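If you're wondering where the values come from, they're calculated on a predicted model, not measured in any experiment. Every chain is numbered from 1, with letters handed out A, B, ... down the list of sequences.
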Amino acid sequence: MNRPDPSRSDSSAGTPKSGGASKAPAVDFIRAIINEDLAAGRHKTVATRFPPEPNGYLHIGHAKSICLNFGIAEEYGGTCNLRFDDTNPVKEEQEYVDSIQRDVRWLSFDWDDRLYYASDYFDQLYEFAERLIQDGKAYVDSLTADEIREHRGTLTEPGRESPFRNRPAAESLDLFRRMRAGEFPDGTHVLRAKIDMNSPNILMRDPTLYRIRHASHHRTGDQWCIYPMYDFTHCLSDALEHITHSICTLEFENNRPLYDWVLDHLPVPSRPHQYEFARLNLTYTVMSKRKLLELVKERRVNGWDDPRMPTLAGLRRRGYSREAIRSFCDRIGVAKTESTVDLALLEFCVREDLNKRAPRVMGVLRPLRIVIENYPVDRIEEVEAINNPEEPEAGTRKVPFSRVLYLERDDFREDPPKKFYRLAPGREVRLRYAYFITCTGIVKDEQGEVTELRCTYDPATRGGDAPDGRKVKSTIHWVSAAHALPAEIRLYDRLFNHPNPAGGKEGDWKDHLNPDSLEVIPQAWVEPSLRTARAGAIFQFERLGYFCVDPDSRLRALVFNRTATLRDTWAKIEQRQ
RNA sequence: UGGGGUAUCGUCUAACGGUAGGACAGCGGACUCUGGAUCCGCUGGUCUAGGUUCAAGUCCUAGUACCCCAGCCA
């Protein structure tokens with residue numbers, strides 16, 4: 001047996017040289033267990049699985065689980081299966097199956113030919129159920145759902161046995177077969193494990209194994225009218241797939257005794273074990289599929305892939321890279337402590353990645369027209385701009401410059417506050433890659449609103465440096481009015497204005513929805529090199545942030561999503577003032 | 001009030017019983033044709049109370065707080 005080297009991480013194809021490549025990674029408790037199992041010879045290889053229910057889109061919390069399960073498989077030279085846990089036909093849909101595969105692939109994980117469905121095992125599961133009945137370990141209960149609940153007891157009181165608990169195995173078997181045959185309507189019978197109605201663990205008080213559901217399944221159609229429950233299905237699916245380490249989230253800890261019970265009472269081909277870690281929570285968002293579904297259904301957002309959503313589809317559309325998300329998952333760690341990660345860490349990860357790769361361009365979100373009075377009316381120059389200072393090989397491009405430009409309104413103050421270094425009356429600044437200009441006049445409308453600036457430029461500063469060595473305090477971005485392309489820009493902010501929207505005892509979590517989470521700028525101006533930018537392309541608009549081309553974008557109707565702002569020191573200073 | 005879990009800087013997360021470390025956030029500085037990036041520095045933590053020990057985040061005892069479980073959901 002060759003011991004794997006867990007430090008040999010980040011072997012993932014298509015993953016860039018990760019940010020902190022040098023550190024010896026601390027081994028989390030799950031990898032520690034795996035190391036022990038391997039060292040003790042309990043397993044020769046590692047087999048994990050990612051088992052989503054296709055009842056919604058994957059979110060960043062799932063990414064944590066995906067990175068854990070597929071990551072472990074990669075590191076240990078094992079395998080990770082993709083398995084759909086599709087045992088509840090009324091909630092599951094093919095659309096979700098498709099989106100889940102798309103998202104896992106997008107993260108660049110690969111299940112090879114190991115794409116499985118719990119519904120693939122319905123026949124075997126049924127056989128296992130009959131076996132349990134024959135062994136006197138399961139029985140058909142004919143109580144109603146309400147009666148079963150009453151018999152279950154409470155947290156502090158034991159349950160009571162169903163009157164049907166001790167009916168002969170043969171009778172249960174006959175009933176179970178007729179359940180399968182479709183003789184009974186929904187809710188009339190269930191199959192229950194015969195465990196212990198006095199167990200302090202409520203899950204062990206004769207849990208339901210099968211229920212009748214006359215519903216069409218997205219894969220098996222109308223082949224079945226009884227469907228196995230999670231607790232029966234999951235452990236057996238793991239065993240059938242020879243999973244060694246079945247990793248799930250903390251809320252399933254109570255289910256582990258049941259997981260073990262089922263496997264201990266059936267002739268399974270392998271004996272997997274379940275381990276639980278803390279699911280990811282993020283500030284300023286919600287992470288339950290139920291709540292996300294609600295946002296979609298109530299149209300609080302524009303679909304599962306709305307860029308404000310914490311779904312992988314939403315983050316992708318927002319402009320987040322897979323590298324950023326994987327780096328985030330690496331950084332948050334894996335432990336059993338309930339935790340809520342600061343959204344700022346996710347933002348840090350996306351900036352870190354995009355800074356290295358995003359081509360720089362100039363765009364003006366809120367334009368202020370300026371006229372350079374001493375610049376010839378008909379002259380057009382091209383200035384050379386660096387595509388990416390982090391990556392010299394990315395080269396340069398030409399950007400047209402002329403007498404009339406747009407500047408960012410924010411970059412001018414008629415009455416500049418302290419520490420404001422940008423343009424103001426009489427002040428000289430540098431136009432990025434072009435010239436020094438000085439503001440010589442202001443044009444206002446009847447309301448007193450500044451509508452235009454009059455400036456002069458210094459021809460000797462072409463390229464951005466003054467031969468006399470004089471300095472300016474600030475460099476600002478611009479576009480040439482005659483050459484700029486109009487673009488719609490969608491500015492996104494956090495979806496909720498409360499760090500823990502779902503955590504409040506009182507009030508509805510939706511009351512914390514941020515009314516300003518989306519601001520649309522219908523007409524901003526961007527430099528002409530963006531004319532052919534394709535959907536998904538990511539740019540840094542210098543001094544503003546990272547923006548990505550939305551799928552809604554058309555050749556003459558560009559649409560950009562703001563992925564993240566740049567760190568903004570001035571905004572911080574201004575806020576303090 | 002039964003059972004199962006978890007407690008380390010503001011937030012995540014490390015630490016054979018032997019100097020409580022890292023990351024993000026925050027603060028300060030250097031540098032800069034992006035108030036970006038980069039670099040440097042600082043702040044800040046072992047849930048509480050006892051006990052064992054030369055030595056306790058770690059072991060013991062007793063508390064406290066928070067999370068999960070009473071679906072024919074997963």
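We find that CZ of A:Arg432 is positioned 8 Å from P of B:rG35, with the value rounded to whole Å. Regarding A:Arg567, its CZ atom lies at a distance of 11 Å from the C1' atom of B:rG26, rounded to whole Å. In this structure, A:Phe232 places its CZ atom 16 Å from P of B:rC72, rounding to the nearest Å. Between the C1' atom of B:rA70 and the CG atom of A:Asp146 lies a distance of 13 Å, rounded to the nearest Å. The nearest whole Å value for the distance from the CZ atom in A:Phe277 to the C1' atom in B:rC67 is 16 Å. As a whole-Å value, the separation of A:Phe252 CZ from B:rC68 C1' is 11 Å. Between the CG atom of A:Asp411 and the C1' atom of B:rG36 there is a distance of 13 Å, given to the nearest Å. Taking atom CG on A:Asn254 and atom P on B:rA70, their separation rounds to 9 Å, with Å as the unit.
Within the 4.0 Å cut-off from OP1 or OP2 of B:rU11, not a single side-chain nitrogen or oxygen of A:Thr283 is found. In terms of phosphate contacts, A:Lys572 brings a side-chain nitrogen or oxygen within less than 4.0 Å of OP1 or OP2 of B:rG26. Within the structure, every side-chain polar atom (N or O) of A:Arg331 is placed at least 4.0 Å from both OP1 and OP2 of B:rU11. Between A:Thr340 and B:rU11, a side-chain N or O to OP1/OP2 separation shorter than 4.0 Å is absent. For B:rA37, neither phosphate oxygen OP1 nor OP2 lies less than 4.0 angstrom from any side-chain nitrogen or oxygen of A:Arg360. The side chain of A:Arg205 contributes no N or O atom lying less than 4.0 Å from OP1 or OP2 of B:rG3. In this structure, A:Thr569 reaches the B:rG36 phosphate: one of its side-chain N or O atoms is under 4.0 Å from OP1 or OP2. A sub-4.0 Å separation between OP1 or OP2 of B:rU13 and a side-chain N or O of A:Ser339 is present. The side chain of A:Arg31 places no N or O atom within less than 4.0 Å of a non-bridging phosphate oxygen (OP1 or OP2) of B:rA14.
Across the P atoms, B:rU48 and B:rA7 are found 14 Å apart, a figure rounded to whole Å. For the C1' atom pair drawn from B:rG50 and B:rU13, the interatomic distance equals 30 Å after rounding to whole Å. Atom C1' of B:rA23 sits at a distance of 27 Å from the matching atom of B:rG17, rounded to the whole Å. B:rG21 and B:rU43 have their P atoms separated by 11 Å, with the value rounded to a whole Å. Comparing the C1' positions of B:rU6 and B:rC47 gives an interatomic distance of 11 Å, to the nearest angstrom. Here the separation of B:rU64 from B:rG45, taken at their P atoms, is 26 Å to the nearest Å. B:rC12 and B:rC69: their C1' atoms are spaced 27 Å apart (whole Å).
For A:Asp568 and B:rG36, a side-chain-to-base donor-acceptor distance below 3.5 Å is absent, hydrogens and geometry of angles not being considered. Within 3.5 Å, no donor on the side chain of A:Asp342 pairs with an acceptor on the base of B:rC12, nor the reverse. Side-chain N/O atoms of A:Gln540 and base N/O atoms of B:rU34 include a donor-acceptor pair closer than 3.5 Å. One cannot find a donor-acceptor pair under 3.5 Å joining the base of B:rG4 and the side-chain atoms of A:Arg256. The base of B:rG36 sits with one of its N or O atoms less than 3.5 Å from a complementary donor or acceptor on the side chain of A:Glu390.
Nearest nucleotide to the side chain of A:Arg576, out of B:rA70, B:rC68, B:rG28: B:rG28. Here the nucleotide nearest the side chain of A:Asn355, chosen from B:rG36, B:rC12, B:rC72, is B:rG36. Checking B:rU34, B:rA70, B:rA23 against the side-chain heavy atoms of A:Arg149 singles out B:rA70 as nearest. You'll find that the side chain of A:Thr154 is closest to B:rA70, out of B:rA70, B:rA7, B:rA37. Closest contact between the side chain of A:Ala335 and the listed nucleotides B:rG71, B:rC24, B:rA14 involves B:rA14. The side chain of A:Ile148 approaches B:rC72 more closely than any other nucleotide in the set B:rC72, B:rG35, B:rC67. For A:Glu542, the side-chain atoms get nearest to B:rU34 when compared with the rest of B:rU34, B:rC24, B:rC67. Out of B:rG5, B:rA7, B:rA74, the shortest distance to the side chain of A:Glu253 is found at B:rG5. Of the candidates B:rU1, B:rG36, B:rC73, the closest approach to any side-chain atom of A:Thr156 belongs to B:rU1.
Aromatic pair A:Tyr259/A:Phe252: ring centres not closer than 6.0 Å. A:Phe547 and A:Phe560 have their aromatic ring centers separated by at least 6.0 angstrom. Annotation: A:Tyr96 is not in aromatic contact with A:His218 [ring centroid separation under 6.0 Å not met]. Close placement of the A:Phe232 and A:Tyr210 rings is indicated, their centers lying within 6.0 Å of each other.
Of the nucleotides present, B:rC60 is the one that pairs with B:rG50 by Watson-Crick or G-U wobble criteria, both distances under 3.5 Å. Look at B:rC66: its Watson-Crick or wobble partner, with both distances under 3.5 angstrom, is B:rG5. Across all strands shown, B:rC27 forms a Watson-Crick or G-U wobble pair, both distances under 3.5 Å, with B:rG41. With a cut-off of 3.5 Å on both Watson-Crick or G-U wobble distances, the partner of B:rG71 is given as none. Base pairing of B:rU19 is not made with any nucleotide, judged by Watson-Crick or G-U wobble geometry with both donor-acceptor distances under 3.5 Å.
Residue contacts for A:Ile573: at a heavy-atom cut-off of 4.0 Å it reaches a base atom on one of the strands shown. Across all strands, A:Tyr433 comes closer than 4.0 Å to base atoms (heavy-atom distances). Across all strands shown, A:Leu155 has heavy atoms under 4.0 Å from base atoms, whether or not it also approaches the sugar-phosphate. Looking at heavy-atom distances under 4.0 Å, A:Ser199 makes no contact with the nucleic acid at all. Looking at heavy-atom distances under 4.0 Å, A:Arg152 makes contact with sugar-phosphate atoms alone, never a base. Across all strands shown, A:Phe348 has heavy atoms under 4.0 Å from sugar-phosphate atoms exclusively, and none from any base. Residue contacts shown for A:Leu250 are absent, as no nucleic acid heavy atom lies under 4.0 Å away. Using a 4.0 Å heavy-atom cutoff across all strands shown, A:Leu143 reaches at least one base atom of the nucleic acid.
In this structure, B:rG4 is classed as anti because its glycosidic torsion departs from zero by more than 90°.
Where stacking is scored as ring centres under 5.5 Å apart with planes under 30°, A:Trp570 registers as stacked on the base of B:rG35.
Contact between A:Arg357 and A:Ser321 at its shortest, heavy atoms only, is NH2-CB, 3.3 Å. Contact detail for A:Ile66 and A:Leu58: the closest heavy-atom pair is CD1-CD2, 4.0 Å. Taking each heavy atom of A:Trp570 and A:Pro417 in turn, the nearest pair found is CH2-CG, 4.0 Å. Heavy atoms only, all atoms of each residue included: A:Val97 and A:Pro54 are closest at CG2-CB, 3.5 Å.
Contact of the A:Ile226 side chain with the A:Phe176 side chain is registered, since non-hydrogen atoms from C-beta on lie closer than 4.5 Å.
Checked by atom type and distance alone, the side chain of A:Asp238 never pairs as donor or acceptor with a backbone atom of A:Ile243 at under 3.5 Å.
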